[in-house]
Amino acid sequence: MQENSLDRAKAHRPIVIEVAGEPLGVVVPHAEGYRFLAVKLPAFAIDGQQFETVEKAHFAVSQAVRKGTADAA
């Protein structure tokens, strides 16, 4: 019976989102998709947003970092 709870825990582990090799946040399963939680300043613009897939979250983080870099220039 304990194995079932271990399998469930694996399914809810955060997935790290990296851009250019730098971890910027994690996505965690949430309702109907994934919620992004930022851990580095360049990604805070989208902190808390929900995405349908991990790939869409990764793309959004990449865009936010790119936009932040452009704004700083």
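Note: hydrogens, waters and symmetry copies are ignored here, and every other heavy atom, side chains too, is used.
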Quiz: residues 23-33 side-chain donor-acceptor pairs under 3.5 angstrom, not counting sequence neighbours:
from	atom 1	to	atom 2	distance (Å)
H30	ND1	Q50	NE2	3.0
H30	NE2	R35	NH2	3.3

As an exercise, state the distance from CD of E55 to CD1 of I17, rounded to the nearest 0.5 Å.
8.5 Å
Cluster overlap V65 with L37, hydrophobic side-chain contacts below 4.5 Å:
no
List the steps and the verdict of side chain to side chain contact (heavy atoms under 4.5 Å, CB included) for F51 and I46.
CA-CA 11 Å; F51 299 94; I46 62 166; 4.3 Å; yes
Which heavy atom of F44 sits nearest a heavy atom of V39, and at what distance?
CE1-C, 4.1 Å
How long is the span from the NE2 atom in H58 to the OG1 atom in T53, to the nearest 0.5 Å?
11.5 Å
Do V61 and I15 share a hydrophobic cluster (ILVMFWY, side-chain heavy atoms under 4.5 Å, transitive)?
yes
Same cluster for F36 and V54 if Ile/Leu/Val/Met/Phe/Trp/Tyr side chains link at under 4.5 Å?
yes
